[in-house]
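Heads up: the structure comes next, in structure tokens.
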2 protein chains.
Amino acid sequence: MARGNEVVKEVEWRIKVEEDETLQKTVVGCMWAVTAGVALKLCKFVKKAWELGVNDPRKFIHCLKVGIALSAVSLFYYWKPLYDGVGGNAMWAVMTVVVVFEYTAGATICKTVNRMFGTSLAGFLGIGVHWVASRAGEQWEPVIVGVSLFLLASAATFSRFIPTLKARFDYGILIFILTFSLVSVSGYRVDELLVMAQYRICTIIIGSILCIIISVIIRPIWAGFELFVLVTGNLDKLANSLQCCVAQYFGGSEASEDSDEMSDKKLLGYKCVLSSKATEETMANFARWEPAHGRFNFRHPWRQYVKIGASMRSCASCLDALIGCINSDNQASDDMKKNMSSISMKLGANCASVIRELATTIRKMAKSSKLDILVTDMNSAAQELRSLLNSYPNLVNAPSHNAKISTQTETASPDDQAAKIEIPLMEIIQVVTVASLLIEIVARVEGIVENVEELSVLANFQAEMCVKSKQHTSDSKVSPDQQNDDEPVRTLQMV
Amino acid sequence: MARGNEVVKEVEWRIKVEEDETLQKTVVGCMWAVTAGVALKLCKFVKKAWELGVNDPRKFIHCLKVGIALSAVSLFYYWKPLYDGVGGNAMWAVMTVVVVFEYTAGATICKTVNRMFGTSLAGFLGIGVHWVASRAGEQWEPVIVGVSLFLLASAATFSRFIPTLKARFDYGILIFILTFSLVSVSGYRVDELLVMAQYRICTIIIGSILCIIISVIIRPIWAGFELFVLVTGNLDKLANSLQCCVAQYFGGSEASEDSDEMSDKKLLGYKCVLSSKATEETMANFARWEPAHGRFNFRHPWRQYVKIGASMRSCASCLDALIGCINSDNQASDDMKKNMSSISMKLGANCASVIRELATTIRKMAKSSKLDILVTDMNSAAQELRSLLNSYPNLVNAPSHNAKISTQTETASPDDQAAKIEIPLMEIIQVVTVASLLIEIVARVEGIVENVEELSVLANFQAEMCVKSKQHTSDSKVSPDQQNDDEPVRTLQMV
């Protein structure tokens, strides 16, 4: 029995051990699965992030620039003579670099200038208030400082709501409040306020200048140039979408040469136009802080690009409605579609060429010699489409006489066309709507043309010939910006 | 002669004096004019700014809140026991308040949480790096600190480009870089780094908590509620624009009851919808940081409002195209317009009621009992319009038999309608386009309906009856938000 008991115990023990082992294995397995899952997610995240950088290497360069600026400014601590000069105020140089260094040179300059002026102004004002308060006796000092802080901070905060101030000086006002608070309030405890303020302003100015230098010298990213690339790229996208949409509708799927995915991408390009309002405005705000660079002067009319963007959006929203109508349930009669296809596709192509020519005009910064002809072509194609619509009964009833239509359109009077077999309006409504929207798009494209022409006047675009001959004589002087122009898509991806 | 000379001199002198006086007067006059001009401009500016505040008094309140927060935090300096506790580090509390206090509670909370976590994480990491570096000997210390600073700052800067991180933690990452730089670099010179870091984190947390308390307790402005008001207000504007545009086109100017200015304002309301994308996204990003408030839970589906906004914009861009077509040169034949006017105006009104009902649904946060009926009405009106278009030849040729049309539409087959006098397509193209775009708008309104229904599922909207009975039993518990709902226009003006 004793032996039997022992055997039983041994078996129990074995079972327990085995159970424990299974539990342990399950736990370990679970942990492995969780770890692997997390690792996988992390890998995917890192991969995505890496692709983000690979698609636009300027992002990597920006990060390196921040690293360089911080390392440079930390010399204030490492290098003894420098540290002895400013002491703990070196902190402000480091802080300035971290806070002020932005992706585009324009944003960096905007912030540095705002910071320098905001700090200086608030510093002087703070010292003044402190001086007045210290004359008023110890009891009144905190009251005077407190009340002036309350009033100035409230007023400055309110001024941040005013649109014109907000667009240019938002950061400066924030820094004004910050510095004024620090100077006036800490003046109550700090003895050598003037010396401290002096060091602080000094270090902030040094940090700011360092930022500007690094931002402008090492592979600068100009907000103005980004805006320029964004607008010209959007013009191309709009042209592609428009042409692709008309071609797909009238030409059928076999008409497009690209693969489905490519043509879908082309078709939906106009969505970028619709959604780039905020980016355009931000860029235009920063661009005006930038010095002359590439082919752009200091006072290049950046606001005009925003206007061009707005007229593009108006055109894109019409295109959006057009695409919506095409995808709706009402299908058009094939006859009508066939009859209208050649002129509609011509009109679509003409519109697209006008928009592309506008993009080229902006890119080359030269008045186009072809633009007028293209606009005339577009308008005459629109007129042809109108005439074709005008001759509607012929159009529907004589599908076999396609060749005649173009000659008939001008002469056919509505009264000639009685007593013919008809098709219900429902079958032509889609084609009519598409045609009508195309004509509306033509009107809106003219709006873009006007805005671009205004830009060419404001920015003193020269005639194309002059530019060509100039380029010919100074071929070696091509700026990097001009080289970049040939590949706007690559540089666009940051937006 | 001497006498004569004297006279001449005197005369000259007088002339000179008079000339001088005239010059002086001119200069003084000019200065007065300039001063008056500047004063006038300044007056205008101040008046405009004042109106900005009067239109939305919450802006004034926000400014007062900033003043209160700053005055409160400056007690760190004025009150001796507090100052003795933290010393110069009180500066960080002041700085936190200035930088972190934002207009909406959500933005303030987002920034404070980001600042607290960014500071703490970077503080620990910085102390760790400093500890490792200080073990490596004096020669290697700056190298180790410098390299780690360069790498971490570059990596953190890069992470700010990643969209998901940028939307939530952009500020936190900035503060991380800032704190890490300050701690690791200044550790080279400061002896009691641990103590300093501790004080600094403490004061930052105190400043942050003060901001959150003031921002949430004194007349809070919730980003979520702003988003809610913006979206519902935009729905109303869209409905007004749509109805007004259809009524103006079909009903003529005498149909509108409002003055010209009012109806123009109504008509162009959809432009607000088109341009509020950026605001909606910002608000939605901040709203998710907010605690439960009013009728909104902590995890209220704010992203859904952005989706509703997107579907509204798609509808508004179609409306934009519609208005463009209406303003184009092609004028429609009056007969056709008259025949279609009643059904088109009905469809426009139906669309508008659906959109208004959606706004009410969101406002009341209760599933609407009427919505289904209204959508059915809208769809049947669209169907009627389609049928009317289908019966086109009858429509044009028998303007006197309007009453018959609705009965004929279903039965008339296209073949019955041969051999009748026609009008050219050109004269009806505008009406057809308008009708077709109206039908497209109906489809897009259904997109808004879907998104609002999704919201009602996500946010657990109850049936209207339940809400009413609940409100009946707890009438005294009406939250201030619910009271505000009745005047959404007033609260909208901040956006």
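Each chain gets a letter, A, B and so on, in the order the sequences are listed, and its residues count up from 1. In what follows, every heavy atom counts, from backbone to side chain, and hydrogens, waters and symmetry copies are set aside.
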**Prompt:** Given the options B:Val434, B:Val145, B:Leu151, which has more heavy-atom pairs under 4.5 Å with chain A than any of the others?
**Reply:** B:Val145
**Request:** Could you look at A:Leu149 and say if it's the side chain, the backbone, both or neither that has a heavy atom under 4.5 Å from chain B?
**Result:** side chain
**Heavy-atom proximity to chain B below 4.5 Å, by part of A:Thr164** = side chain
**A:Ser317 side chain to B:Ser317 side chain, donor-acceptor N/O pair below 3.5 angstrom** = no
**Request:** Under 4.5 Å heavy-atom distance to chain B, tell me which part of A:Trp79 shows up: side chain, backbone, both or neither.
**Result:** backbone
**Item:** Contact origin within A:Leu322 toward chain B - heavy atom pairs under 4.5 Å
**Value:** neither
**Asked** Is the B:Phe158-A:His62 ring centre distance short of 6.0 angstrom?
**Response** no
**Item:** Structural part of A:Arg313 lying under 4.5 Å from a heavy atom of chain B
**Value:** neither
**Complete:** On a heavy-atom basis, the closest approach of A:Ala156 and A:Ile173 is O-CG2, 3.3 Å
**Item:** Contact leader toward chain B among A:Ala49, A:Ala153, A:Gly146, where contacts are heavy-atom pairs under 4.5 Å
**Value:** A:Ala49
**Request:** Report yes if the distance between the aromatic ring centroids of A:Trp92 and A:Phe76 is under 6.0 Å, otherwise no.
**Result:** no
**Fill in**
Greatest number of non-hydrogen atom pairs under 4.5 angstrom with chain B, of A:Leu152, A:Val94, A:Thr179, A:Ile162, falls to A:Ile162
**Item:** Heavy-atom closest pair, residues B:Arg444 and A:Gly324
**Value:** NH2-CA, 3.3 Å
**Message:** At a heavy-atom distance under 4.5 Å, which candidate from B:Ala278, B:Ser186, B:Cys318 has the highest pair count against chain A?
**Reply:** B:Ser186
**Message:** Would you say the rings of A:Trp50 and A:Phe45 are close, in the sense that their centroids are separated by under 6.0 Å?
**Reply:** no
**Request:** Please look at A:Val185 and chain B and tell me whether the side chain, the backbone, both or neither of the residue comes under 4.5 angstrom of a heavy atom of that chain.
**Result:** both
**Message:** Report which part of B:Leu274 has an atom under 4.5 Å of a heavy atom belonging to chain A: side chain, backbone, both, or neither.
**Reply:** neither
